[in-house]
Chemist: 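Quick one: structure below, then a few questions.
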Amino acid sequence: MRGFTLTFLGLLCGAAPTARGQVLVGLDVGGMWTSDLAQDVIVNAISVAPALAPTIAVAVGTPISDVYSVGIRVRWAHSDVTRHELDADFTVLPLTVWTGTVTLERTLTNWGTVEGAVGAIKYAPGSDDRSATLFQDDAPLAATVGLGARARRPISPRWTLGAYLAYDVHQFVTQALRAGGAVGARTVHRVSGGISVYWSAR
Amino acid sequence: MTRRWLLPLTLATAMAIAACESPDTPVRLTPYQFRLAGTDTVFHWPDSSLPVRFWVEPAGALPQYVDRGLRMWERQFLYGEFRGLRVSDSAAADVLVFMEGDPPPQAPLTGDPPLLVCEGVTLVPARQADPSGGTRFAGRLEVDVWWYAGFAASDVANCLARVTAHELGHALGIFAHSADPNDLMFLRPDAPAPSLRDRSTIQVLYHTPADILPWIPMPGSPAVAATTPIR
Ligand SMILES: [Zn+2]
């Protein structure tokens with residue numbers, strides 16, 4: 001346990017400075033929590049949300065100054081959408097969510113970075129039979145903005161290990177909800193975290 | 001303020017703007033009665049029974065009318081409360097659908113004014129005690145439809161499609177009728193598809209605790225039991 005703690009503190013405190021022109025390829029592996037996609041009251045209070053999802057992301061970035069880096073990231077997350085009602089959960093359908101973002105990362109201190117991200121989220125319901133669900137007419141595409149924090153520690157000249165925590169937000173509504181009379185969209189919050197590995201191309 | 005905080009502040013502002021739209025929920029009308037008259041029974045298919053399996057007699061376009069009706073009813077839900085599936089093995093079915101009499105003439109569905117040149121009935125099985133302590137149907141639900149000769153094929157097809165969808169509404173658990181002729185579940189259905197009130201009613205039904213469970217094969221349990229007909 002002490003070894004693990006020291007390794008983790010080492011990760012936090014040993015962020016690697018990056019050189020201009022360097023290209024970093026990163027892989028995130030972790031979990032994602034998503035807030036409710038829909039809330040309703042039909043006899044009982046109902047909430048619908050994706051279950052805690054495994055997530056994988058691939059990113060490519062490069063420094064543009066001594067402190068800033070830009071990059072692009074594609075994130076995949078997959079879990080079942082569940083309906084929560086009367087203290088029970090019912091599976092609605094499997095759901096994959098793709099997120100593509102452009103990121104701007106800033107080195108705050110020598111122990112880590114913060115980043116901002118803007119991009120788009122694409123919902124991809126995984127079932128052929130979604131006619132009784134809020135995805136019956138479409139699979140929404142929504143704009144998203146997010147913030148994140150990362151810690152890194154080089155483990156070799158080309159390889160770096162890290163940890164990340166990220167938050168993003170977007171507006172969610174489907175044609176089926178609109179057709180049913182819903183006027184607004186729901187703000188959906190997502191929090192993800194996990195470990196990262198980076199490979200330096202130069 | 002230093003440039004150091006420019007990025008976080010810009011993003012926080014963007015997120016605050018993104019989060020400021022208020023959510024809303026779908027509109028619903030007051031539902032009509034769905035309980036079985038006389039017994040006040042509430043029935044709907046539980047999640048554990050999904051997809052509900054329908055066996056359909058291959059008579060004319062009856063299988064297509066059932067498929068069409070099932071898709072129409074499924075589309076009334078938003079949260080995965082019901083799914084129906086047509087199966088080829090009647091022994092594995094939850095609901096049996098029959099065409100009484102000769103196979104009907106086949107014709108494309110049209111938007112012609114509705115004529116009542118066909119009828120249907122849904123047979124709701126008697127109840128029996130379940131070992132779990134609850135109550136369960138003593139047999140499968142059954143839907144019968146029939147048509148009258150001497151009318152245009154398109155009128156018969158329109159009527160059968162409409163009445164089959166109406167009877168499927170009963171098979172889903174609406175064991176009563178709407179008093180509004182604009183609803184598919186009006187006693188003599190003219191509406192070609194579920195209305196907003198039909199939609200509201202089926203949604204409320206599927207979130208109301210059921211008093212009775214569907215039939216499952218059990219030793220000594222007949223597949224066909226005494227029934228209550230709902231026209
Ligand atoms: Zn009826």
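Labels below follow one simple rule: chain letters A, B, ... track the order of the sequence lines, proteins then strands, and each chain is numbered from 1. Bear in mind that the values here come from a model prediction, so they are computed numbers and not experimental data.
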Chemist: As an exercise: rank Glu81(B), Gln76(B), Arg71(B) by heavy-atom pairs under 4.5 Å with chain A and give me the winner.
Modeler: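 Result: the option with the highest number of such pairs is Glu81(B).
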Chemist: Using a strict threshold of under 4.0 Å (side-chain N to carboxylate O), is an ion pair present between Arg53(B) and Asp89(B)?
Modeler: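 Looking at Asp89(B) and Arg53(B), the cut-off is not met.
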Chemist: Starting at CZ of Arg162(B), measure out to CG of Leu184(B) and round the result to the nearest 0.5 Å.
Modeler: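 Those atoms lie 9.0 Å apart.
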Chemist: Let me confirm one number: the NE2-OG distance from His44(B) to Ser49(B), rounded to the nearest 0.5 Å.
Modeler: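 Here the interatomic distance stands at 10.5 Å.
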Chemist: Below 4.5 Å from any heavy atom of chain B, which atoms of Leu86(A) appear? Answer side chain, backbone, both or neither.
Modeler: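 Neither part.
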Chemist: For Tyr68(A), is the NZ or CZ atom of Arg106(A) found under 6.0 angstrom from the centre of its six-membered ring and inside 45 degrees of the ring axis?
Modeler: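 Positive - Arg106(A) is close enough to the ring of Tyr68(A) and near enough to its axis.
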Chemist: Using non-hydrogen atoms and a 4.5 Å limit, figure out which bit of Arg75(B) sits close to chain A: side chain, backbone, both or neither.
Modeler: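 Its backbone and side chain both get close to chain A.
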Chemist: Is Ile42(A) in contact with chain B via its backbone, its side chain, both, or neither, using a 4.5 Å heavy-atom distance?
Modeler: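 When you check distances to chain B, atoms from both the backbone and side chain of Ile42(A) fall under 4.5 Å.
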Chemist: Quick check on Tyr79(B) against chain A: is it the side chain, the backbone, both or neither that has a heavy atom closer than 4.5 Å?
Modeler: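 Its backbone and side chain both get close to chain A.
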Chemist: Between the side chains of Arg186(A) and Asp36(A), is the shortest nitrogen-to-carboxylate-oxygen separation below 4.0 Å, so that they form an ion pair?
Modeler: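 Salt bridge: no.
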Chemist: Is there a side-chain contact between Leu62(B) and Phe98(B) (heavy atoms, below 4.5 Å)?
Modeler: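 Leu62(B) vs Phe98(B): side chains apart.
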Chemist: Taking Asp129(A), Val173(A), Thr91(A) one by one, which has the highest count of heavy-atom pairs under 4.5 Å against chain B?
Modeler: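 The answer is Asp129(A).
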Chemist: For Val81(A), which atoms come within 4.5 Å of any heavy atom of chain B: side chain, backbone, both, or neither?
Modeler: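 Neither; nothing under 4.5 Å.
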Chemist: Measure distances from Ala38(A) to the heavy atoms of chain B and classify the residue's part below 4.5 Å as side chain, backbone, both or neither.
Modeler: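 Interface part for Ala38(A): side chain.
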Chemist: Hey, which of Thr174(A), Asn44(A), Val43(A), Val41(A) has the most heavy atom pairs under 4.5 Å with chain B?
Modeler: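 Of Thr174(A), Asn44(A), Val43(A), Val41(A), Val43(A) has the most heavy-atom pairs under 4.5 Å with chain B.
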Chemist: For chain B, find which of Asp137(A), Leu93(A), Val48(A) contributes the most heavy-atom pairs closer than 4.5 angstrom.
Modeler: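 Ranked by contacts with chain B, first place is Asp137(A).
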Chemist: May I ask you to check if Arg35(B) and Phe175(B) form a cation-pi contact, with NZ or CZ under 6.0 angstrom from the six-membered ring centre and within 45° of the axis?
Modeler: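 So Arg35(B) doesn't make the cation-pi contact.
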